[in-house]
Protein chains: 2
Amino acid sequence: MDRGPLPTLLGYAIRRSQIAIFQDFMRSMGETGIRPAQYSILTVIARNPGLKQAEVSDSLGIERARLVLVLNELEARGLARRVLSTTDRRSHALFLTPEGERLLAELDRRVAEHEARLIAKLGQPGRRQLLDLLSRLQDD
Amino acid sequence: MDRGPLPTLLGYAIRRSQIAIFQDFMRSMGETGIRPAQYSILTVIARNPGLKQAEVSDSLGIERARLVLVLNELEARGLARRVLSTTDRRSHALFLTPEGERLLAELDRRVAEHEARLIAKLGQPGRRQLLDLLSRLQDD
DNA sequence: CAAGATTGTTGTCGTCAACAACTATGTACT
DNA sequence: AGTACATAGTTGTTGACGACAACAATCTTG
């Protein structure tokens, strides 16, 4: 089967790798049902408590409008909460609940296993190289 | 802003790179409005005329059900056509129309420019290395 | 011929990016 | 003070996509 130039196109290779990684990620998260975007949001809130939604959006490259929905879910699951900011009444300060903190610790363990599986396919040097190359492709 | 482990997670880095590449791809395709999946389908049909839909699905990792819709579009735009197979009356043999061939030639030029922009960020050796590393992550 | 597999199709569900529009609030300027 | 503009969050829409289930028509195999 002749795929022509496809296998040497970076976009094509990245898309296929991304799908494979996503599937392994979801398997790793198992019954938690946490998706990549949710995990990244929990992480950044945990490390920067009190963040505004717009700051999370910027930081992770997630649309403000999209973030609203994900935060609704996280709040409904009792993992994060929005607190009205006293200094700027337009904005919400974001925090994890104790349960959010506990779950995130568990997620970190699962993500570490997931990452270890990927590193096993690349080797440590390969992994570092891959991260470096990918960073050059991003918008910055 | 502390992103914790996110910047060193391969899935996270790949996702962000993929978004950046996708946007450049779409800009490159301009008024043709051809998306990556459509381009890959046109390519594989052009190189393997008479292919069945299931073969295209397998080859590109696109769901059979998804391919039906994309092919409907490509047929509606007069770029590809389904011909009833005489040997297996369940299946369709796929071909590009002359206009599909013509457009694909144009698309190939645009994709080459797109790819050149990416290579400029990586260098030729970096590009080869990246393709090699990515291939190790795929399901095979 | 009967049982099972394959092909294309339809439909549903959930995730996601991109945009537009809107309210409430804050900021800057005159 | 008042006007204009910017920002934060929200709602809603659109379109692309992956995953899955079900189905009819058709092949294949025993």
**OP:** Test side-chain hydrogen bond (donor to acceptor under 3.5 Å, both in side chains) on A:Arg117 and A:Ser28 and set out the steps.
**Re:** CA-CA 10 Å; A:Arg117 264 193 299 280; A:Ser28 308; 2.6 Å; yes

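- The shortest distance between the side-chain N/O atoms of B:Arg82 and the OP1/OP2 oxygens of C:dG8 is not below 4.0 Å.
- Taking atom CG on B:Asn72 and atom C1' on C:dT9, their separation rounds to 9 Å, with Å as the unit.
- If you measure from atom CD of A:Gln53 to atom C1' of C:dA24, you get 14 Å, rounded to the nearest angstrom.
- If you take CG of A:Asp88 and C1' of D:dG9, they are 11 Å apart, rounded to a whole angstrom.
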**OP:** Check step by step if salt bridge (Lys or Arg N to Asp or Glu O under 4.0 Å) holds for A:Arg136 and A:Asp132.
**Re:** CA-CA 7 Å; A:Arg136 295 195 225 167; A:Asp132 173 59; 3.0 Å; yes

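- Across all strands shown, A:Glu63 has heavy atoms under 4.0 Å from base atoms, whether or not it also approaches the sugar-phosphate.
- For B:Ser91, the listed nucleotide lying nearest its side chain is C:dG8; candidates were C:dT15, C:dA18, C:dG8.
- Rounded to the nearest 0.5 Å, atoms CD1 (B:Ile34) and OG (B:Ser40) are 10.5 Å apart.
- Spacing between atom CD of B:Gln23 and atom C1' of C:dC19 amounts to 14 Å, rounded to whole angstrom units.
- Heavy-atom nearest nucleotides on DNA chain C were determined for A:Ala65 and for B:Ala65, and the one closer to the 5' end corresponds to B:Ala65.
- With distances taken from any side-chain atom of A:Arg15 to the nucleotides D:dG18, D:dT11, C:dT10, the minimum falls on D:dG18.
- If you check every strand for non-hydrogen atoms under 4.0 Å, B:Arg89 touches sugar and phosphate atoms only.
- Comparing C:dT6, D:dA8, C:dC19 against the side chain of B:Arg90 picks out C:dT6 as the nearest.
- Distance B:Ile41 CD1 to D:dA16 C1': 12 Å, rounded to the nearest Å.
- Following rounding to the nearest Å, A:Phe25 (CZ) and D:dG18 (P) show an atom-to-atom distance of 19 Å.
- Counting all heavy atoms, side chain and backbone alike, B:Leu10 lies closest to A:Glu115 at N-OE2, 3.0 Å.
- If you measure from atom CZ of A:Arg66 to atom P of C:dT15, you get 7 Å, rounded to the nearest angstrom.
- Atom CG of B:Leu60 and atom CZ of A:Arg16 lie 7.0 Å apart (nearest 0.5 Å).
- Between the C1' atom of D:dT7 and the CG atom of A:Asp58 lies a distance of 12 Å, rounded to the nearest Å.
- Each of A:Thr86 and A:Gly61 was assigned the nucleotide of DNA chain C with the nearest heavy atom; the assignment lying further toward the 5' end belongs to A:Gly61.
- A donor N or O paired with an acceptor N or O is not found under 3.5 Å between the base of C:dT7 and the side-chain atoms of B:Arg64.
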